[in-house]
Participant: 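The structure follows.
Counting starts at 1 for both ligands and their atoms, in listed order. We use all heavy atoms of the structure for the numbers below, so side chains are in, but hydrogens, waters and symmetry mates are not. Numbers here simply count residues along the sequence, with the first being 1.
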Amino acid sequence: MPTNRKRPAAASEASRTGKRGKVRCRQRQGKGSKKRTVREQLLVEFAAVAKLEPGRGTSRGRAGRRARLLRSLLAIARDLRRKDAAAACSLLIYSEALEPEGLESPEAVAVEAVAARRRLLNRGGRKLWDQGRISGQELLEVLPNASARCLCLLQRLVSLASGRKHGEPSPELAAMALATAAAVLRSDPEGSCAICLEAWSPTARLLVPSCGHTLHVDCFWAMIAGPCSQAMRGLCRTCRRPSIWSPLARSNLRCTLTSAASAAAARCQEAGEAMGPGDFAALCVQFGSEIGDRPSDLWNELKQDLARRSIRGFGCVSSLLSLIDEAEAQAADGIAPEDL
Ligand SMILES: [Zn+2]
Ligand SMILES: [Zn+2]
């Protein structure tokens with residue numbers, strides 16, 4: 001491989017080998033005398049850690065650098081007076097994508113990140129949050145060659161950070177989806193979806209599980225909502241490895257799943273085929289085993305979504321909501337869908 005000392009890629013090359021000091025020095029030289037803001041520094045460091053692939057180079061160095069980054073992000077995100085708090089908080093949310101396997105994303109970081117986001121939203125409102133947080137476009141600029149799995153996770157996490165649960169994807173999320181599809185096409189140009197067998201297209205909406213066996217998002221939803229032996233739930237249908245989702249990515253999947261389920265319930269009600277609480281409980285158990293989620297978390301999210309639809313004019317769902325409430329009231333200490 002020819003030397004790349006004079007190319008801009010030299011910085012990331014150095015970062016892969018863990019030479020942090022050199023990276024900083026070269027980056028400063030590249031930007032001339034202009035000093036980076038804290039926001040820019042955090043984003044650059046986030047990208048540098050993302051580029052240190054797990055299993056390559058010094059994994060201990062990578063883990064240490066990631067831990068230092070998380071500590072900095074936590075300290076800044078907790079301090080509401082800091083103008084970079086939203087940027088730090090959003091990067092904290094995105095930090096799950098630094099562990100594409102999803103095995104080392106602690107629940108505690110997810111809890112802190114969500115709490116910090118709520119505090120910032122309460123204090124400054126949605127507009128200030130959106131102005132301050134790191135956007136999907138900014139992530140794509142600093143991570144032009146990220147893996148498909150990393151981009152898929154980032155797409156989920158940006159969706160969560162932006163708070164968009166319903167409607168058409170925003171331009172930001174649409175750009176993330178295109179970047180994920182581009183990364184899949186880069187790494188697997190001849191590949192296709194294991195469910196529908198369709199070859200990848202640049203505009204496909206794709207989901208990349210931890211094992212890497214990519215599916216169309218719609219094929220994934222159809223697969224996990226469909227019949228299947230209980231033993232295969234939560235496993236990739238191609239390689240039988242477990243699908244692992246980090247806590248915040250999982251909560252985004254939960255939102256999407258429950259939104260789809262309540263939309264289906266509304267359609268069923270309108271068609272005169274009522275779904276009872278038992279049907280919903282079974283769905284929660286099924287989805288829970290597919291994405292590694294607690295059925296009760298899915299249940300609570302689903303109830304909120306049903307209530308939202310009722311408020312928006314899906315009056316027919318109200319009767320179903322009262323059925324669920326009845327079932328819940330009968331349980332000794334709240335409903336446990338797995339018991340139904
Ligand atoms: Zn498909
Ligand atoms: Zn697989």
Participant: Could you grab the angle centred on the Zn ion (ligand 2), going from SG in Cys239 to SG in Cys211, to 10°?
Facilitator: 110°

Participant: Taking the six-membered ring where the residue is Trp, are the ring centres of His216 and Trp221 under 6.0 Å apart?
Facilitator: no

Participant: Does this structure show an ion pair linking Arg294 with Asp297, if we count only N-O contacts that are shorter than 4.0 Å?
Facilitator: yes

Participant: For the Zn ion (ligand 1), find the closest N/O/S atom belonging to His216 and write down its atom name.
Facilitator: ND1

Participant: What angle, in degrees and rounded to 10°, do you get at the Zn ion (ligand 1) when you join it to SG of Cys196 and to SG of Cys219?
Facilitator: 110°

Participant: Within the supplied structure, the quantity of interest is the number of heavy atoms (other residues, nucleotides, ligands) at a distance under 6.0 Å from Arg237 CZ; does it exceed 12?
Facilitator: yes

Participant: Need the atom name: nearest N/O/S atom of His213 to the Zn ion (ligand 2).
Facilitator: ND1

Participant: Does atom CD of Glu190 have more than 12 heavy-atom neighbours, drawn from other residues, nucleotides or ligands, at distances under 6.0 Å?
Facilitator: no

